[in-house]
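Contents: one structure, followed by commentary.
In each ligand, atom 1 is the first atom listed, and ligand 1 is the first ligand listed. Computed from heavy atoms alone, side chains included, the values below leave out hydrogens, waters and symmetry copies.
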Amino acid sequence: MTILLDDPADAAALLRAGELVAFATETVYGLGADARNGRAVAGIFEAKGRPHFNPLICHFPDAEAAWAEVRPDERARKLAAAFWPGPLTLVLPRRADCRVDLLAGAGLDTLAVRVPGHPGALELLRLAGTPVAAPSANRSGRVSPTTTAHVLEELSGRIAAVLEGGDCEVGVESTVLDLAAGGAALLRPGGVPVEAIEAVIGPVGRALPISAAPEPTLRSPGLMLSHYAPSLPLRLDAVEVAPDEALLAFGSPLPGAAQVYQLSETRDLREAAARLFSGLRALDRPGLRGIAAMPIPGEGLGPAIRDRLDRAAAPRG
Ligand code: TXA
Ligand code: MG
């Protein structure tokens, strides 16, 4: 059952306990989870019924809290001073000691961060004392909710609680700006107009629309996803494993691998999702021929895990 809460302290306690809580921001309602907790983050994808893992935005009560997890450059500091709290998301390099679980960032070395311009959200984030990963609080493929009633229509029974926060003022998602690659690229238009950003940091590149994009090189999630892939070749649905291969196990491991990373001994798909990116990174070591992944079932979070493995296994150009 999903409960309605008025007190941000109750919502913060649920988040800290690994539960999913929807909350209002100035843009749309977010579906929040403790971003340090991989199982909680996996729960977001499960609740949304999303068939793939995309990187999520992490929310913070102030810029200092964000800078504890990512490395801002001068432009990021200026933009934060100009637009936070507010509907601007910055993609920046993760710090080496970043506490955000790899699943929240879809395994990437970068992280999207923002300080939302809604007093209830800020209070919740302060009290939670942890980065909060939150995509829009809708089922996959449906429009983003801007009222508590919309959230309940979408997710009632699938999440622990909704923190009442009134109607969202902006109604469209935050602008997503990539500052991690050296330049400045608009990944998603949103609540802060790009002209306002350019007035602070100068010219911003616009990502190409998908139809015009040169195949898999384009770095533009929201339009097209740049994704983490191991450098070793990946073999799917393995039923046996060679002595010079690493094994990504799900359930009883196949015998004979050079190295084994267990996604979930008990074949729990949420646990497997939470451990997927750590597993790929742990096994991606020189000296081996490749990684063999055991079959993943097709229900629940299974398709999202398989989608990610498929992409990692696809030949790269
Ligand atoms: O207004 C908003 O931004 C709402 C509210 C709840 O804050 N949140 C939201 O989150 O829209 P989400 O997860 O649905 O959108 C995340 C966007 C996607 O387009 C994603 O691809 C991009 O940000 N993104 C996240 N992390 C990224 C990264 N490391 N690199 C590039 N793009 C990233
Ligand atoms: Mg959305």
Where does [X] meet ligand 1, judged by heavy-atom distances below 4.0 Å: at the side chain, the backbone, both, or neither?
X    : value
N54  : neither
P135 : both
R188 : side chain

Taking the basic N atoms (NZ, or NE/NH1/NH2) and the acidic carboxylate oxygens, is any pair closer than 4.0 Å for [X] and [Y]?
X    : Y    : value
D310 : R306 : no
R36  : E69  : no
R206 : E198 : yes

Do ligand 1 and [X] have nitrogen or oxygen atoms that lie under 3.5 Å from each other?
X    : value
T27  : yes
E173 : no
H59  : yes
T25  : no

Option of least heavy-atom distance to atom 8 (N) of ligand 1 (set: P93, A134, G30):
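Considering heavy atoms of P93, A134, G30, the nearest to atom 8 (N) of ligand 1 sits in A134.
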May I ask which of P55, G107, C58 has a heavy atom nearer to atom 27 (C) of ligand 1 than the others do?
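Among P55, G107, C58, the closest heavy atom to atom 27 (C) of ligand 1 comes from P55.
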Pairs in or reaching into residues 253-279: which pass ring-ring contact (aromatic ring centres under 6.0 Å, His included), with residues at least two apart or in two chains?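 Not a single pair qualifies under ring-ring contact (aromatic ring centres under 6.0 Å, His included).
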Check: Pick from E169, H59, E173, R114: which one makes a side-chain hydrogen bond (donor to acceptor under 3.5 Å, both in side chains) with T25?
Finding: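 Result for side-chain hydrogen bond (donor to acceptor under 3.5 Å, both in side chains) with T25: R114.
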Worked verdict on R270 versus S264 for side chain to side chain donor-acceptor pair (under 3.5 Å)
CA-CA 9 Å; R270 195 154 158 187; S264 174; over 6 Å; no
* To do: Report the protein N/O/S neighbours of the Mg ion (ligand 2) that fall below 2.8 Å; do not count waters.
  =>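 Atoms qualifying: S136 OG.
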- Query: Going through the distances and angles, do S174 and T27 end up as a side chain to side chain donor-acceptor pair (under 3.5 Å)?
  - Reply: CA-CA 6 Å; S174 61; T27 58; 5.8 Å; no
Q) Mind checking whether S136 has a heavy atom under 4.0 Å from ligand 1? A)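 So S136 counts as touching ligand 1.
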*Proximity flag D178 to ligand 1, non-hydrogen atoms under 4.0 Å*: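 Not so, D178 does not reach ligand 1.
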inquiry  = If you count heavy atoms of other groups shown closer than 6.0 angstrom to CD of Q259, is the number above 12?
reply    =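 Yes, enclosed.
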* More than 12 heavy atoms of other groups within 6.0 Å of R77 CZ ->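 Counting other residues, nucleotides and ligands, CZ of R77 exceeds 12 neighbours.
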**OP:** Pull out every atom of ligand 1 sitting under 4.0 Å from any heavy atom of T110, numbered as shown with elements.
**Re:**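 Numbered from 1, ligand 1 contributes 28 (C), 29 (N), 30 (N).
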Could you tell me which atoms of ligand 1, counted from 1 in the order shown, lie closer than 4.0 angstrom to a heavy atom of L187?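 Near L187, meaning under 4.0 Å from one of its heavy atoms, ligand 1 has 31 (C), 32 (N).
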Review point. Apart from V132 itself, what residues make up its hydrophobic cluster when side-chain heavy atoms of I, L, V, M, F, W and Y under 4.5 Å apart count as a link, directly or indirectly?
Key: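 V132 clusters with M1, I3, L5, L14, L15, V21, F23, L124, L125, L163.
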| query | Would you find a donor on one side and an acceptor on the other, under 3.5 Å apart, between the side chain of D284 and the backbone of L232? | reply |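 The answer is yes, because a donor-acceptor pair under 3.5 Å joins these two groups.
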**Asked** Residues in ring pair (Phe, Tyr, Trp, His ring centres under 6.0 Å) with F45, at least two apart?
**Response**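 Testing F45 for ring pair (Phe, Tyr, Trp, His ring centres under 6.0 Å), a comparison that skips the adjacent residues, returns F53.
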